[in-house]
Amino acid sequence: MTEINEAFQLLWRKLEIWMKQIVLMLPNLFLALLVLVVTFFAARLIRRTSDKLLIRFTHSSALNNLVGTTVYVATLTLGIFFTLSILKLDKTVTTLLAGAGIIGLALGFAFQDIAANFISGVIIAFRKPFVVGDVIDTNDHFGTIERINLRTVDIRRQTGELVKVPNRKVFESALTNFTHYGIRRIDLKVGVSYAEDLERVQQIVKAAMVDIPNMITGKEVEVVYEEFGDSSINFLVRYWIQYKRQTDFVYAKSEAIIKIKKAFDAHKVEIPFPITTLNFGVKGGRDLSIELKDGLPQNGHPTELKVKPQETADDSPENKEAAEE
């Protein structure tokens, strides 16, 4: 019975100590609760303010939501650490910070590719080298940007396929933005016969280049001869168009081909087929015209082609003598 009384006395003393500590901690508890409530409202206010400010810099809803959430969580975390400090739980704060650092380091190694894409997406969203609707060429993918996420850039190819390119590859690789300036030059390659007057061809082509869809009339059409081809003299027709999508380029090029072909037909300008010329009169060879002349019919009768038969082993003089004996 004595042992039970001693146990109850020890328990009661322990409860008395705890009650005294709770009474002593009541001001800190109220202050900690007040700090926690203020932190919660402050975090909400800061998030709303950041959302309003971010709209001025970027129209990416995903990025705005990410930054707002990050600011909100960071404010709450800071308020919780202050609350624990007020309650004199400094060791708990230190343990939480150490654990967060170790967890962050482990996650960084495990998801470094995801982190790289995420950071690249954030940089792309702030720098804005392109926007949704731009026509770009990057990492051997050509098409129209359909969506910009924090992990990938979605590109819709001209043939309809959707390609998701990781942000890290887009950020690190060369990128061509065809719609950034809103204009684009078309280089149309054409060939004419060697017998044509080249200056006349230039005038015909320039006169034909009218009423091309989206063509910029303020920039002069250039007709520049480029090379001596195998069967033709090749030149470039260079002209500028207003460019917003790839169909502007395709239709403007197609219409130019139609107009140039009609102009060449009207002015009898020849676009040669591939031709191969055989010349046997070069350095010791025989002229092909002489060969053909020798083979033409004479007096209405074709000439005979006399071929001297080769001597075989049986027709040799030694074999003939042996046969006579």
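Heavy-atom basis, side chains included; hydrogens, waters and symmetry copies ignored. This chain uses plain numbering: 1 for the first residue, then up along the sequence.
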ask   = If you draw a 6.0 Å radius around OH in Y251, do more than 12 non-hydrogen atoms from other residues or ligands fall strictly inside?
value = no
request  = Indicate yes or no: at least one non-hydrogen side-chain atom of F235 is less than 4.5 angstrom from one of V201.
outcome  = yes
task = Evaluate the criterion side-chain contact (heavy atoms from CB on, under 4.5 Å) for residue pair L188 and K253; output intermediate values, then yes/no.
result = CA-CA 7 Å; L188 180 60; K253 189 173 184 179; 3.8 Å; yes
request  = Take V205 and V190 through the test side-chain contact (heavy atoms from CB on, under 4.5 Å) and record every step on the way to the result.
outcome  = CA-CA 10 Å; V205 172; V190 191; over 6 Å; no
query = Would Q242 and D248 count as a side-chain contact (heavy atoms from CB on, under 4.5 Å) if you check the C-alpha gap in whole Å, the side-chain angles of each, and the deciding distance to 0.1 Å?
reply = CA-CA 7 Å; Q242 299 287 348; D248 298 337; over 6 Å; no
Side-chain touch N149/D154, heavy atoms, less than 4.5 angstrom = yes
inquiry  = For the NZ atom on K206, are there more than 12 heavy atoms of other groups (residues, nucleotides or ligands in this structure) within a distance under 6.0 Å?
reply    = yes
Gap separating the CD1 atom of I145 from the CG atom of N177, nearest 0.5 angstrom = 6.5 Å
request  = Taking atom CD of E161 as the centre, report whether more than 12 heavy atoms of other residues, nucleotides or ligands fall under 6.0 Å from it.
outcome  = yes
query = Cluster question for you: counting only ILVMFWY and a side-chain heavy-atom cut-off of under 4.5 Å, with indirect links fine, are I258 and V250 together?
reply = no
request  = Measure the shortest side-chain to side-chain distance between I233 and F228 over non-hydrogen atoms and say whether it is less than 4.5 angstrom.
outcome  = yes
ask   = Can any side-chain N or O of E196 pair as donor or acceptor with the backbone N or O of E270 at less than 3.5 Å?
value = yes
inquiry  = Taking Y225 as the starting point, is it possible to reach Y194 by hopping between hydrophobic residues whose side chains are less than 4.5 Å apart?
reply    = yes
query = Hey, is the main chain of V223 close enough, under 3.5 Å, to the side chain of Q202 for a donor-acceptor pair?
reply = yes
query = Below 4.0 angstrom, N of the basic side chain to O of the carboxylate: do D187 and R185 qualify?
reply = yes
message = For the backbone of K169 and the side chain of S173, can you confirm whether one donor and one acceptor N or O come within less than 3.5 Å of each other?
response = yes
request  = Under the side chain to side chain contact (heavy atoms under 4.5 Å, CB included) rule, collect the residues that match up with F41, sequence neighbours excluded.
outcome  = V37
inquiry  = Between I124 and P129, is there a side-chain heavy-atom distance shorter than 4.5 Å?
reply    = yes
query = Taking side chain as C-beta onward, heavy atoms only, is T138 less than 4.5 Å from I155?
reply = yes
ask   = Does I271 belong to the same Ile/Leu/Val/Met/Phe/Trp/Tyr cluster as V269, with side-chain heavy atoms less than 4.5 Å apart forming each link?
value = yes
task = Taking all non-hydrogen atoms of both residues into account, name the closest pair between S232 and G191 and its distance.
result = OG-CA, 3.9 Å
key: Separation of L76 CG from R44 CZ (nearest 0.5 Å)   = 10.5 Å
message = Is a donor from one side chain sitting under 3.5 angstrom from an acceptor on the other, for N234 and E227?
response = yes
key: Residue pair R157 / T159, side-chain donor-acceptor N/O under 3.5 Å   = no
request  = State yes or no: do I257 and I186 share one hydrophobic cluster built from I, L, V, M, F, W and Y residues joined by side-chain heavy-atom distances below 4.5 Å, directly or via other members?
outcome  = yes
remark   = What one should report as the nearest heavy-atom pair of K259 and A208 is CD-O, 3.4 Å
note = Tightest non-hydrogen contact, residues I204 and A263, listed as CG2-CB, 3.8 Å
query = Counting N and O atoms only, with roles assigned by atom type, does the side chain of N214 sit under 3.5 Å from a partner on the main chain of A252, one being a donor and the other an acceptor?
reply = no
key: Verdict with reasoning, V237 to V221, per side-chain contact (heavy atoms from CB on, under 4.5 Å)   = CA-CA 7 Å; V237 182; V221 177; 4.0 Å; yes
ask   = Going from CD on E222 to CG on L236, what distance comes out if it is rounded to the nearest 0.5 angstrom?
value = 10.0 Å
request  = Rounded to the nearest 0.5 Å, what's the gap from CG on L78 to OG1 on T39? Could you check?
outcome  = 7.5 Å
inquiry  = Counting only heavy atoms from other residues, nucleotides and ligands, does the tally under 6.0 Å from CG of D140 exceed 12?
reply    = no
task = Consider only side-chain heavy atoms of I, L, V, M, F, W and Y, link residues closer than 4.5 Å, and tell whether I123 and V165 are in one cluster.
result = yes
task = Would you give the length of the straight line joining atom CG of D137 to atom CG of L175, rounded to the nearest 0.5 angstrom?
result = 8.0 Å
query = If every non-hydrogen atom of F130 is compared with every non-hydrogen atom of I136, which pair is closest and at what distance?
reply = CB-CG2, 4.4 Å
inquiry  = Less than 4.5 Å apart, side chain to side chain, heavy atoms only: is that true for V132 and I148?
reply    = yes
query = What is the ring orientation for F142 with F178, classed by angle as parallel under 30°, tilted 30 to 60°, or perpendicular over 60°?
reply = perpendicular
task = Please answer whether the main-chain N or O of V135 pairs with a side-chain N or O of T179 as donor and acceptor at a distance below 3.5 Å.
result = yes
ask   = How close do P166 and N117 get, heavy atom to heavy atom, and via which atoms?
value = CB-OD1, 3.6 Å
message = Between Y239 (side chain only) and I212 (backbone N and O only), is there a donor and an acceptor less than 3.5 Å apart?
response = no
ask   = Taking the side chain from N167 and the backbone from R151, do they hold a donor-acceptor pair closer than 3.5 Å?
value = yes
ask   = So do the side chains of K189 and E226 get within less than 4.5 Å of each other, counting heavy atoms only?
value = yes
Heavy-atom side-chain proximity of M209 to I260 below 4.5 angstrom = yes
request  = Grab the two heavy atoms, one from Y243 and one from Q246, that are nearest each other, plus how far apart they are.
outcome  = OH-OE1, 2.6 Å
